[in-house]
Amino acid sequence: SEIILVEGVGCVLSCMTSGIRNIMCLFGVGLSNHQLSVIILLDPKKIVIATHDDIAGQIASEKLLHRLLKFFDKKQVEIKIPENKDWNDVLIRDGQEKIRKILE
């Protein structure tokens with residue numbers, strides 16, 4: 001019912017280590033047509049954009065939001081950027097509970 005979009009494999013592993021399994025890796029900051037098709041087919045109740053906390057990640061999150069809003073209601077799509085640089089940094093600095101708290 002919920003998909004969390006992250007930039008890279010390291011972020012996927014950090015989230016999975018924290019017990020969060022509903023992750024989709026973007027392999028960068030863009031959303032491919034195939035990835036978009038999968039999301040549309042899954043028809044989640046909620047999509048969380050969780051890119052890195054840097055300029056590229058912030059710009060990407062806005063672009064992803066704009067693209068997803070063409071297919072989903074604005075109540076379904078939300079941006080949750082980590083307080084540190086990326087999800088691995090959150091895991092190392094603050095632990096698994098912090099990742100769960102931010103994303104859940």
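From Ile39, atom CD1 reaches atom NE2 of His34 across 10.5 Å, with rounding to the nearest 0.5 Å. Between Ser1 atom OG and Asn22 atom CG the span is 7.5 Å, to the nearest 0.5 Å. Between atom CH2 of residue Trp87 and atom NE2 of residue His52 there is a gap of 9.5 Å, rounded to the nearest 0.5 Å. To the nearest 0.5 Å, atoms CD1 (Ile102) and SG (Cys15) are separated by 9.5 Å. Rounding to the nearest 0.5 angstrom, the gap separating the CD1 atom in Ile40 from the NZ atom in Lys70 is 11.0 Å. Atom CD1 of Ile92 is separated from atom CG of Asn88 by 4.0 Å, given to the nearest 0.5 angstrom.
Scanning all heavy atoms of the two residues, the minimum distance from Val29 to Ala56 falls at CG1-O, 4.3 Å. Minimum heavy-atom separation, Ile81 to Ile79: CG1-CG2, 3.7 Å. Of all heavy-atom pairs spanning Cys25 and Gly8, the tightest one is SG-C, 3.5 Å. For Gly57 against Thr51, the heavy-atom pair with the smallest separation is O-OG1, 2.7 Å. When all heavy atoms of Gly30 and Gln35 are compared, the pair lying nearest together is O-OE1, 3.8 Å.
The neighbour count for Arg93 CZ, taken as heavy atoms of other residues, nucleotides or ligands under 6.0 Å away, does not exceed 12. By the 6.0 Å contact criterion, NZ on Lys80 is enclosed, its count of non-hydrogen atoms from other residues, nucleotides or ligands being greater than 12.
Taking 4.5 Å as the limit, every side-chain heavy atom of Asp86 sits out of range of all side-chain heavy atoms of Glu7. Counting only heavy atoms from C-beta outward, the side chains of Leu91 and Ser18 approach each other to under 4.5 Å. Considering only heavy atoms from C-beta on, Val38 stays 4.5 Å or farther from Ile3 through its side chain. Phe27 has its side chain out of reach of Ser32: every pair of non-hydrogen atoms, C-beta onward, lies at least 4.5 Å apart.
Cluster annotation: Val48 and Leu31 are assigned to distinct hydrophobic clusters (Ile/Leu/Val/Met/Phe/Trp/Tyr, side-chain heavy-atom contacts under 4.5 Å, transitive). When the side chains of ILVMFWY residues are joined at heavy-atom separations under 4.5 Å, either directly or via intervening members, Leu68 and Ile4 end up in two distinct hydrophobic clusters. In the hydrophobic clustering of ILVMFWY residues, with side-chain heavy atoms under 4.5 Å counting as a link, Leu36 and Leu69 come out together. No path of Ile, Leu, Val, Met, Phe, Trp and Tyr side chains, each step under 4.5 Å between heavy atoms, connects Leu103 with Leu13, placing them in separate hydrophobic clusters.
Distance alone, capped at 3.5 Å, places no donor-acceptor pair between the Gln76 side chain and the Asp43 backbone. Looking at Arg100, its side chain never comes within 3.5 Å of a backbone N or O of Ile20 through a donor-acceptor pair.
Take Asp53 and apply the side chain to side chain donor-acceptor pair (under 3.5 Å) test, not counting sequence neighbours, and it matches Gln58.
Considering Leu64, Ile49, Val6, Val12 in turn, Leu64 is the only one that fulfils the side chain to side chain contact (heavy atoms under 4.5 Å, CB included) rule with Leu26.
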Original post:
Between Ile99 and Asp94, is a side chain to side chain contact (heavy atoms under 4.5 Å, CB included) present by the stated rule, with each step listed?
Top reply: CA-CA 8 Å; Ile99 290 179; Asp94 301 315; over 6 Å; no
